[in-house]
Amino acid sequence: MAFLAFAEPGNAGYARVSAPAARPVVVSEAAPQVQRAKEERPVLTELERSVIGIARQDGLSTLRQPGRLTRWVGLVFGVRISPQLADPKLEALRRIAVLSWKRGYAIASAEVKAFLASGYSPAFYELVVDTIASARQAEARRGRA
């Protein structure tokens, strides 16, 4: 059996490792004081929160391209074919959110790389996945009570 890092479930640790390390900044040559570059904490905007909320209702099938039969049924009956978003960056967020809602931290590394390549930071990835994980836990607690 492979080693599992339980302290860092899923690929949240992967995003942290793949991030470039913060480099120290020298204030002046006369005084060799070293100051750490401030790492800004990402914040979810209202639009990003709504995308995550929409992704809660989407299934894993919404991540695939619709087949010929699905397109034909949509054409004949007027059924909504795909909930993909027009903005590629928000679509990447929706994809990660759908995977997080359905699979928790178990997201394929290719999906994480695609999310990071769309312009999001590793810290933002962790924020999204951790936010969804805490919401899933809250739903599970409410279901038990």
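- Under the 3.5 Å distance criterion, the side-chain polar atoms of W101 are left unmatched by any main-chain donor or acceptor of Q57.
- Atom CG of D58 and atom CZ of R95 lie 11.5 Å apart (nearest 0.5 Å).
- Nearest heavy atoms, S100 versus V129: OG-CG2, 3.6 Å.
- Between the Y125 side chain and the K113 main chain, no donor and acceptor come within less than 3.5 Å of each other.
- Residues that satisfy the side chain to side chain donor-acceptor pair (under 3.5 Å) test with T45, not counting sequence neighbours, are E48.
- Interatomic distance, CG of L93 versus CD1 of I54, reported as 10.0 Å (0.5 Å rounding).
- In this structure, CG in L44 is found 5.0 Å from OG1 in T131, a value given to the nearest 0.5 Å.
- With contacts defined as side-chain heavy-atom distances shorter than 4.5 Å, the pair Y105/D130 qualifies.
- Residues L90 and L85 share a closest heavy-atom pair of O-CD1, 3.6 Å.
- Residues V43 and V128 do not share a hydrophobic cluster, clusters being chains of Ile/Leu/Val/Met/Phe/Trp/Tyr side chains in contact below 4.5 Å.
- Ring planes of F115 and Y120: parallel class, angle under 30° (limits at 30 and 60°).
- Across every non-hydrogen atom of A55 and R94, the tightest pair is CB-O, 3.9 Å.
- Distance check: R56 CZ to K102 NZ gives 5.5 Å after rounding to the nearest 0.5 Å.
- L116 CG to E111 CD: the interatomic distance, rounded to the nearest 0.5 Å, is 11.5 Å.
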